[in-house]
Amino acid sequence: QTSHDHLLETKKKEAMRFGLRTFLAATATFHTYISNNYRVNAFIVKHQQQQNPSFSIIREKNDIVPSLASYSSSSRKRVKTTTKVLKGTSLQVATSPIPPTYSKDSKKKLQNSSERYICEYGENPTDDDTDEDMKVGILLLNLGAPGELDDVEGFLYNLFADRDIIPFFKGVFAPLQKYFAKYVSKNRAPKSAAAYESIGGSPLLKYTNKQADLLTKALQTQHGIESKAYVGMRYWYPFTEQALDDIRRDNINALVILPLYPHFSTTTSGSSLRVLQEEFSKRMDWYGPQRMRHTVVPSWYEREGYLKSMSTLINTELETFSKEELDMGKGERHILFSAHGVPNAVIEAGDPYKGHIEECVKLITQYLPGEDEGVYVHLSYQSRVGPIEWLRPYTDFVLPELGEQGVKNIVVVPISFVSDNLETLEEIGIEYRELAEESGIVNWRRCDALNTDPMFINDMADMVMDALNEPMQSVTEACIANNVADVELNPIEENSGVMGGNKNLIVDENGVIVSQDAAAEAEKLNGRVAILGVVLTILVEALSGKSLPELFGFAG
């Protein structure tokens, strides 16, 4: 009861302080359903209540987790399949970091809990159960884009109907999200359609299909692996569900899931992985371990091949400045990494995106000329919408500030994207270029996205090969390790034989697991305040014919 009251009081204060903040609760439950045929997974099970036990499923230190490749006897001829040992502490999945919402004290509580139970799945793989050839599939996940201008409204509707993008509508308010999405998409569609028309339509699907084709060829050439790649888009065709249908029809039994987002965010990779988790849980007979095993690469911004690919493109742009342009800029060249923004509330809830972006910029900078050579690096965030606070500094604020400082030469790098799209071609290439030139930055360069860069494609092939050999990480594990909120374990628990009868679990700010009922009460408070803010925003915009940023004079 004390824990219940503490959480409720904390969330009351939070709701009053942040009227429009997003409620993304991190969950402490940890689950895997890819382990039916091997002896692994010692779990810490911490009971919080006698009548309705709530427990955290946490992989123990030094648990043995096989790789996908270890299940194929024929693959051993080509692939190193030594079973690896997970190193780390509780809540550390493969190479994923401990979510920042967990304090050292709370981790010790979980690790030192006297209530430990061992939950075992089957036996270690033997020669008898690894004779089947590995039929490799690669699922590339991306945002998607409208195929035609008439598709823009439908694409926007799917975007704003996603609870990971717009997480305000909780509980009894959940049905309102579709009406909100319909209103916003209808009002934004004309402006968005004009933007797509200005770049001749989005090339996102074209580049993603090319990446898929080149990736399978590189796997064959570099590693001798036969594979088939599938494209699953979140908000437009081909949808992720369609890709899963193709995977099932092709009888893929070893699936590598690769989000085309180098940096993890609950609003991008997390949203796509949630769709997969829900689809897998519905049809364990199709996607369960007896028929298909899978592993996820949640983020990959620290890979050397990716970093070198990015730095090569940037260095190429840096070399294009003429002597006259360098003289005009007093020998200086500036690099502005422009990352796609997310609301601050998402980061406060434990999303690792901001940390990934900042670390990625530092790593790429190691391959670039330094300030002693007149090269200066900056980071900003773009694409904010609505009246709430997003990650700062904003790109459309930074460019005028650099102009005031006398900057003349700039290379803008779309750090969040591996394929050119509306944000890189129209927002950066047109809108921000005009803003920069108006601000006195006269020598403008935009770095292309990686698209089909050969070095990038080759590293993607190596990434898939690494994923086949490293300890498997399930979709659910990837979601939990990266603080994707409210991951539903049922009906996976029932289908997988995990100790059942448990509802969704949520942790408080100290990492202590509380019952769903306690968290739900706190969530209602945040939800009601958030809904009120959204409704008021809609009413103001409807009556004025302008967005709130436009009304208050800070529209980008």
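For reference, positions follow the sequence shown, starting with 1.
- With hydrogens and angles ignored, the 3.5 Å screen pairs no side-chain donor or acceptor of S269 with any backbone N or O of S265.
- For D246, the side-chain contact (heavy atoms from CB on, under 4.5 Å) test picks out Y230, R249, with sequence neighbours left out.
- Between Y237 and F239, the shortest heavy-atom distance links the atoms CE2-CE1, 3.5 Å.
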**Request:** Please lay out, stage by stage, how T295 and Q473 fare under the test side chain to side chain donor-acceptor pair (under 3.5 Å).
**Result:** CA-CA 5 Å; T295 189; Q473 182 172 4; over 6 Å; no
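- Residues in residues 256-270 take part in no salt bridge (charged side-chain N to carboxylate O under 4.0 Å, His left out) pair, two or more places apart or across chains.
- A distance-only check finds no donor-acceptor pair linking the side chain of Q382 to the backbone of G341 [under 3.5 Å].
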Can you give me every donor-acceptor pair (side chain of residues 410-423, partner residue at least two apart or in another chain, under 3.5 Å) with its distance?
{"residue": "S416", "atom": "OG", "partner": "H340", "partner atom": "N", "Å": "2.9"}
{"residue": "S416", "atom": "OG", "partner": "Y353", "partner atom": "OH", "Å": "2.7"}
{"residue": "S419", "atom": "OG", "partner": "Q211", "partner atom": "NE2", "Å": "3.0"}
{"residue": "D420", "atom": "OD1", "partner": "T424", "partner atom": "OG1", "Å": "2.9"}
{"residue": "D420", "atom": "OD1", "partner": "R446", "partner atom": "NH1", "Å": "3.2"}
{"residue": "D420", "atom": "OD1", "partner": "A449", "partner atom": "N", "Å": "3.4"}
{"residue": "D420", "atom": "OD2", "partner": "N451", "partner atom": "ND2", "Å": "3.0"}
{"residue": "N421", "atom": "OD1", "partner": "E423", "partner atom": "N", "Å": "2.8"}
{"residue": "N421", "atom": "ND2", "partner": "S419", "partner atom": "O", "Å": "2.8"}

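- E241 meets the side chain to side chain donor-acceptor pair (under 3.5 Å) test with no other residue; sequence neighbours excluded.
- Partners of R188 according to the side chain to side chain donor-acceptor pair (under 3.5 Å) rule, which considers only residues two or more places apart in sequence or in another chain, do not exist here.
- Here E389 pairs with R392 under the salt bridge (Lys or Arg N to Asp or Glu O under 4.0 Å) rule; sequence neighbours left out.
- Residues Y287 and L255 fail the side-chain proximity criterion, which asks for heavy atoms closer than 4.5 Å.
- Every residue two or more places apart in sequence or in another chain was checked for a side chain to side chain donor-acceptor pair (under 3.5 Å) with N344, and none qualifies.
- Remark: E358 engages K354 in a salt bridge (Lys or Arg N to Asp or Glu O under 4.0 Å) (not counting sequence neighbours).
- Looking only at distances, no side-chain donor or acceptor of E279 sits under 3.5 Å from a matching main-chain atom of L276.
- Residues satisfying the salt bridge (Lys or Arg N to Asp or Glu O under 4.0 Å) test with D285, not counting sequence neighbours, are R283.
- For residues 151-162, the side-chain hydrogen bond (donor to acceptor under 3.5 Å, both in side chains) pairs, not counting sequence neighbours, are D162-R234, D162-Y235, D162-S271.
- For the side chain to side chain donor-acceptor pair (under 3.5 Å) test, no residue two or more places apart in sequence or in another chain qualifies with Y381.
- At distances below 3.5 Å, not a single donor-acceptor pair connects side-chain atoms of S185 with backbone N or O atoms of L156.
- Taking the six-membered ring for Trp and thresholds of 30 and 60 degrees, H294 and F280 have ring planes inclined between 30 and 60 degrees apart.
- With sequence neighbours excluded, no residue forms a salt bridge (Lys or Arg N to Asp or Glu O under 4.0 Å) with E434.
- Residues A189 and V152 approach most closely at O-CG1, 3.8 Å, considering heavy atoms.
- Ring geometry for F180 against F169 counts as tilted: the plane angle lies between 30° and 60°, on a 0 to 90° scale.
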**Prompt:** Are Y432 and L336 close enough, and set up right, to give a side-chain contact (heavy atoms from CB on, under 4.5 Å), and what steps lead you there?
**Reply:** CA-CA 11 Å; Y432 290 156; L336 176 60; over 6 Å; no
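- Using cut-offs of 30° and 60° for the angle between ring planes, the H356 and Y301 rings count as tilted.
- T365 has its side chain out of reach of I335: every pair of non-hydrogen atoms, C-beta onward, lies at least 4.5 Å apart.
- Under 3.5 Å, the side chains of D351 and T266 contain a donor-acceptor pair of N or O atoms.
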